[in-house]
Amino acid sequence: MGMAMIFTGIAGLFSNLGIGPAIIQRRSLTTAHIRVAVTLSTILGSILTLVLWNSAGSIALLYGDYRISPILKLISLSFLLNGLSSTSRSLLHRTLQFKKLFFIEIAANIFGYFTLSIPMAILDYGVWSLVFGMLFSSTISCVLLVSVARPSLIPFLRKKEIGELIGFGTGMTLISITNYAATHVDYFIIGKMLSARDLGLYARAYQLMLLPLSRFAGALTTVLFPAYAELQNETNRISLIYFKAVSADGDCCLSHYGWNGRMCRIHCNRLLRA
């Protein structure tokens with residue numbers, strides 16, 4: 001599973017070419033943008049499913065472990081599901097409906113992993129308990145996201161909206177690729193040079209070590225991006241909130257200067273220089 005996730009992670013970087021962040025960030029979002037986003041994301045998800053399905057044998061040969069091939073083929077179906085639902089997720093982020101997202105993720109994890117993966121693992125299905133749990137979780141998440149956000153699923157493509165969405169999203173994708181390469185090259189080396197067991201132990205240990213930080217940072221990033229996007233025209237407030245976030249004396253700054261962005265920036269700059 002650890003070996004397979006390296007390549008599904010790489011494919012995931014191209015799953016919607018940053019269309020989701022573009023939906024969140026746009027000042028003016030039309031129905032045409034939403035329909036184009038759904039269509040593009042679904043097409044990209046379908047392409048990635050086909051690519052992974054057909055390259056599963058070659059990836060297994062690269063690792064010298066035939067067990068990876070059927071695992072990759074099944075996991076590849078999740079890209080089709082995620083492509084269909086990614087715009088719905090972005091729309092809920094854009095409107096700051098995190099409570100709904102919370103319950104959707106909880107439901108997907110409970111039914112996907114708690115009610116399926118754990119019983120399958122107890123019954124000694126091994127890695128397939130993770131594979132089917134992940135696929136079932138993605139299916140539930142897709143159905144709930146589309147049902148709650150209710151975007152139009154009628155295919156639609158137009159050059160103007162495609163350019164506007166891809167133009168912003170390409171930069172986000174390039175950043176994601178760089179970050180992924182920096183943080184996952186060790187997985188590839190261990191899986192190639194050692195064994196599946198060694199990689200599995202390493203991956204679990206590494207994730208356990210980062211779990212508190214990743215959960216906190218992930219939640220913070222998820223909330224801050226759409227929140228900043230909503231305030232993108234209010235430069236003074238954004239600068240003040242930013243300095244409050246990075247300053248160790250942010251509360252003091254607010255109590256002294258209120259919403260006076262210029263004075264707060266001067267105060268925080270002094271702190272940062274110190």
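Of the possible donor and acceptor atoms, one in the side chain of Asn54 sits under 3.5 Å from a partner among the backbone N and O of Leu50. Put simply, the side chain of Thr8 gets close to the backbone of Met5: a donor and an acceptor are under 3.5 Å apart. Using a distance-only test at 3.5 Å, with no hydrogens or angles considered, a donor-acceptor pair links the side chain of Arg94 to the main chain of Arg26. A donor-acceptor pair under 3.5 Å links the side-chain atoms of Ser55 to the main chain of Val51, judged by distance alone. Under a 3.5 Å cut-off, the side chain of Thr49 and the backbone N or O of Ser76 do form a donor-acceptor pair. Judged by distance alone, with hydrogens and angles left aside, the side-chain atoms of Ser78 form no donor-acceptor pair with the main-chain N or O of Ser138 at under 3.5 Å. Between the Ser147 side chain and the Val143 main chain, a donor and an acceptor come within less than 3.5 Å of each other. Remark: side-chain polar atoms of Ser90 are not paired, donor with acceptor, to backbone N or O of Ile23 under 3.5 angstrom. The closest donor-acceptor contact from the side chain of Ser117 to the backbone of Ser129 lies under 3.5 Å.
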Report the C-alpha separation of Ile71 and Trp128 in whole Å, then their side-chain angles, then the decisive distance to 0.1 Å, and conclude whether the side-chain contact (heavy atoms from CB on, under 4.5 Å) test is met. CA-CA 8 Å; Ile71 292 172; Trp128 294 107; 3.9 Å; yes

side-chain contact (heavy atoms from CB on, under 4.5 Å) between Leu194 and Leu199, worked out: CA-CA 8 Å; Leu194 299 178; Leu199 176 59; over 6 Å; no

Given side-chain contact (heavy atoms from CB on, under 4.5 Å), test Ile24 with Phe225 step by step and report yes or no. CA-CA 8 Å; Ile24 297 171; Phe225 180 47; 3.9 Å; yes

Would you please test Phe111 and Ser137 for side-chain contact (heavy atoms from CB on, under 4.5 Å) and show each step? CA-CA 7 Å; Phe111 287 103; Ser137 177; over 6 Å; no

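Distance CZ/Phe156 to CG/Leu153: 15.0 Å, rounded to 0.5 Å. To the nearest 0.5 angstrom, Ile118 atom CD1 is 12.0 Å from Leu123 atom CG. Note that CG of Leu116 and CG of Leu135 are 9.5 Å apart. Values are rounded to the nearest 0.5 Å. Note that the OG1 atom of Thr95 and the NE2 atom of His93 stand 9.5 Å from one another [nearest 0.5 Å]. Atom CD1 of Ile43 and atom OG1 of Thr39 lie 6.0 Å apart (nearest 0.5 Å). Atoms CG and CH2, from Leu80 and Trp53 in turn, are 12.0 Å apart once rounded to the nearest 0.5 Å.
Residues Leu77 and Ile68 do not share a hydrophobic cluster, defined by chaining ILVMFWY side chains whose heavy atoms lie under 4.5 Å apart. Cluster membership for Ile140 and Val148, using ILVMFWY side-chain heavy atoms within less than 4.5 angstrom, is shared. In the hydrophobic clustering of this structure, Leu165 groups with Ile34; members are Ile, Leu, Val, Met, Phe, Trp, Tyr whose side-chain heavy atoms approach within less than 4.5 Å, directly or through other members. The hydrophobic clustering, which links ILVMFWY residues whose side-chain heavy atoms are closer than 4.5 Å, places Leu130 and Ile59 apart. Both Phe136 and Ile104 are assigned to one and the same hydrophobic cluster, defined by single-linkage of ILVMFWY side chains at heavy-atom distances under 4.5 Å.
Checked against side-chain contact (heavy atoms from CB on, under 4.5 Å), Ser41 has the following partners two or more places apart in sequence or in another chain: Asn16, Ile19, Ser86, Thr87.
Checked for salt-bridge contact, Arg89 and Glu105 meet the test: a charged N lies under 4.0 Å from a carboxylate O.
Taking all atoms of both residues into account, the shortest heavy-atom contact from Phe114 to Pro119 is O-CD, 3.4 Å. Considering all non-hydrogen atoms of both residues, Leu91 and Pro151 come closest at CD1-CB, 4.2 Å. What you find for Arg158 and Val36 is that their closest heavy atoms are N-CG2, 3.9 Å. A pairwise comparison of heavy atoms in Ala227 and Leu96 identifies N-CD2, 4.1 Å as the closest pair. The shortest non-hydrogen separation linking Gln25 to Ala229 is CA-CB, 4.0 Å. When every heavy atom of Met134 is checked against every heavy atom of Tyr113, the shortest pair comes out as CA-OH, 3.3 Å.
Side-chain contact of His33 with Thr30: a donor-acceptor pair under 3.5 Å is present, judged by distance alone.
Annotation: side chain of Leu62 is in contact with side chain of Phe7 (closest heavy-atom distance under 4.5 Å). At a threshold of 4.5 Å between non-hydrogen side-chain atoms, the residues Ile75 and Leu52 do not count as touching.
Tyr125 and Phe132 have their aromatic ring centers separated by at least 6.0 angstrom.
Ring planes of Tyr187 and Tyr202: perpendicular class, angle over 60° (limits at 30 and 60°).
Within a 6.0 Å radius of CD1 in Ile106, more than 12 heavy atoms belonging to other residues, nucleotides or ligands are found. Other residues, nucleotides and ligands contribute over 12 non-hydrogen atoms within 6.0 Å of the CE atom of Met209.
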